Structure formats: structure tokens, C-alpha cells
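Inspection log for the structure reproduced underneath, given as C-alpha cells.
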Amino acid sequence: MTYSIVARDPATGHLGIAVASRFFAVGALVPHIHPNAAVATQAFINPLWGIEGSARLQAGEAAEDVIADLIGRDDGQAQRQAHMIDAKGRIAAHTGTACIDWAGHCSADGVSVAGNMLTGPQVIDDTLVCYLDNLDKPFAERLLLAMQAGEDAGGDKRGRQAAALRIHRGQAYPWIDLRADDHADPLEELRRLLDVAGDRYLFFAEELATADNFSGCKDRTELDRAIAEHEAHMKAAGVSSRSFATTPKS
């Protein structure tokens, strides 16, 4: 009932998961990311595969060992699908024999794509090819382009409802975490939200505390200057924000 991409950006080491489905709030349960490991768990979902699996990968266990153990312990594994990247960049994937057709997975260096209840194998094939063909694009944009290629190839055979994008930049918290839980065109909604994030949020995200800098930014002068310059550039270019935010009250 879902297809997703799990990837490590080769230029930065950042980790991301994008997912789309004809299933409400798919982003609530599928993506699980730690600073150096990521898991997408889907099909007849067992969220513990993502919660436990990502923590074990982050602790240094190999992806193949973790997924083999999850399969061995879960009596419902035939209905599960999961794919993951461990702390050393190794990929492992499982598509249970009882997952609803079409179901399968594919991968390349640093990226894995998996899906079930799809119109056919071209969905994951086109998702992977598009990702690899756009390595020059920013990571978030690349993930959404890849997902759109999968949708254009047929996507979830039941239709569309929800999508999500989560990216971590080496921290326990996400750099960005976007969800369209119930939308007629959820991938387009994610693109709108990513545009809106670029108005102000992504400037703020660069100044947050990190594991190496507990206090983060202590003076917002440069942050405010950067946001003001961006707003002035948008105005000069005649570009309006796609945000639905209301104006300040007088």
C-alpha cells in the first residue's frame, strides 16, 4: 500500500526518507531515522521494525543482521516490507511473500526503493533511476523528484492520499519533517510545504543546537538579516510565498 525511498546523500552524508501511499498519515509510521541510520517499514506495517531497527543500526549493527533478526522474530513477516541503511551505508531490504502485488525492492549505492500494492515494477524502477539521474539537485528536491517519477509510473494502484518527507543532518532530530496526511495530490503538497519551509524555517533550522554545539545560535541578528534578504529577493523577483499563514494582527 506504499512506496518509499531511503537514501544517504553522497555529498553530505545526510539521511532521508520519502514515502507516498493511499493510506492516511503514512508519514506517522513508515519513516524512522537516527543520525547515521534509517529504516522505512511498510506493507502490513509493524512499526517496531522501524523503532527497534533504526536504533540497532545506529548502535552499529549491520543492516543484514538486523533485518534477518526482525524477520525471524515476527510471525507476520510474510506481510511485512522494510528497507534500511545502516551506519556504514550498507543496505538491506525485505519484501514478504504475502505482500500484495505488485511488491518488491531495488537499490543502488546509498539508496533503496521499495513498494507494495503498486501498479507494477516500473514504479520503483523509475523512482530509483530518477534519483540517480538527479544527484546534482539538492537532496530534498531529489527525493521528491524521484517519488514523483514513481507516481508518474503508476504509483499505488489504489490511488493517492498521503505522503511524507523526513531528512536528518547528523542530528537526532530532523532537519525537515513534512507530511501531507490526507490530500488529493500529496506529493505536490510536499513540494509546496518545502517551498514554504524555504521562506523562513530552513534559515532557522541552520541555527539550531547540535550535539557539538549545545547552545546553538545565541544571537539572531544574522538570522534575521538572512531572512530579510531572502524576502527582498523574492519581492524583487515578483515571487509570492506559497504559505497559507495569515498576516500579523494589528
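The model shown is predicted, which means the values in this text are computed figures rather than measured ones.
- A salt bridge is defined here as a Lys NZ or Arg NE, NH1 or NH2 lying under 4.0 Å from an Asp or Glu carboxylate O, and E52 with R56 meets this definition.
- Salt-bridge formation is not detected for the pair D101/K157: no Lys NZ or Arg NE/NH1/NH2 atom is positioned less than 4.0 Å from an Asp or Glu carboxylate oxygen.
- In the model, T95 has a side-chain atom that pairs as donor or acceptor with a side-chain atom of Q81 under 3.5 Å.
- For R200 and E231, the salt-bridge test passes: some basic side-chain N is under 4.0 Å from an acidic carboxylate O.
- T221 and D219 share a side-chain donor-acceptor pair at under 3.5 Å.
- Residues D185 and R160 meet the side-chain proximity criterion, which asks for heavy atoms closer than 4.5 Å.
- Cluster annotation: L144 and V196 are assigned to distinct hydrophobic clusters (Ile/Leu/Val/Met/Phe/Trp/Tyr, side-chain heavy-atom contacts under 4.5 Å, transitive).
- Two residues are said to be in side-chain contact when any heavy atoms from C-beta on lie closer than 4.5 Å; D86 and E61 fail this criterion.
- By the neighbour-count criterion of 12 heavy atoms within 6.0 Å, atom CG of D136 is densely surrounded, having more than that number from other residues, nucleotides or ligands.
- Remark: the Q42 side chain and the S4 side chain contain an N/O donor-acceptor pair separated by less than 3.5 Å.
- In terms of heavy-atom proximity, A40 sits nearest to V6 at CB-CG2, 3.7 Å.
- Applying the side-chain hydrogen bond (donor to acceptor under 3.5 Å, both in side chains) criterion to Q79, with sequence neighbours excluded, gives no partner residue.
- No donor-acceptor distance shorter than 3.5 angstrom exists from the side chain of R80 to the backbone of T41, with no hydrogens or angles considered.
- D156 has a carboxylate O that lies under 4.0 Å from a charged side-chain N of R158, or vice versa, which qualifies the two as a salt bridge.
- Judged by distance alone, the side chains of T12 and D9 do bring a donor and an acceptor atom under 3.5 Å apart.
- Linking ILVMFWY side-chain heavy atoms closer than 4.5 Å, directly or via other members, places V111 and M147 in a single hydrophobic cluster.
- Taking both residues in full, the closest heavy atoms of F203 and G198 are given as CE1-O, 3.3 Å, listed atom of the first, atom of the second, then distance.
- Contact record, V26 with S21: CG2-CB, 3.7 Å, taken as the closest heavy-atom pair.
- Residues L190 and I176 share a single hydrophobic cluster, defined by chaining ILVMFWY side chains whose heavy atoms lie under 4.5 Å apart.
- The nearest pair of heavy atoms linking L187 to A20 is CD2-CB, 4.3 Å.
- Between E206 and R169 there is a salt bridge, since at least one side-chain N of the basic residue sits less than 4.0 Å from a carboxylate O of the acidic one.
- Of the possible donor and acceptor atoms, one in the side chain of H32 sits under 3.5 Å from a partner among the backbone N and O of L29.
- Side-chain contact, Q148 with R191: a donor N or O sits under 3.5 Å from an acceptor N or O.
- In this structure, L70 and V66 have side chains that are in contact, with non-hydrogen atoms separated by less than 4.5 Å.
- Side-chain N/O atoms of S112 and H83 include a donor and acceptor closer than 3.5 Å.
- In this structure, W49 has its ring center under 6.0 Å from that of H94.
- In this structure, N36 contributes its side chain and A87 its backbone to no donor-acceptor pair below 3.5 Å.
- The 12-atom threshold is exceeded at OH of Y173, counting heavy atoms of other residues, nucleotides or ligands nearer than 6.0 Å.
- We find that R242 and D195 are joined by a salt bridge, their nearest charged nitrogen and carboxylate oxygen being less than 4.0 Å apart.
- Grouping the Ile, Leu, Val, Met, Phe, Trp and Tyr side chains by contacts below 4.5 angstrom, directly or via other members, places I45 apart from I67.
- Follow the hydrophobic side-chain contacts under 4.5 Å out from I227 and you never reach M234; the two are in separate clusters.
- Relative ring orientation between Y131 and F139 is described as perpendicular, the plane-to-plane angle rising above 60° on a 0-90° scale split at 30° and 60°.
- For the pair R225 and E229, the salt-bridge criterion is met [side-chain N within less than 4.0 Å of a carboxylate O].
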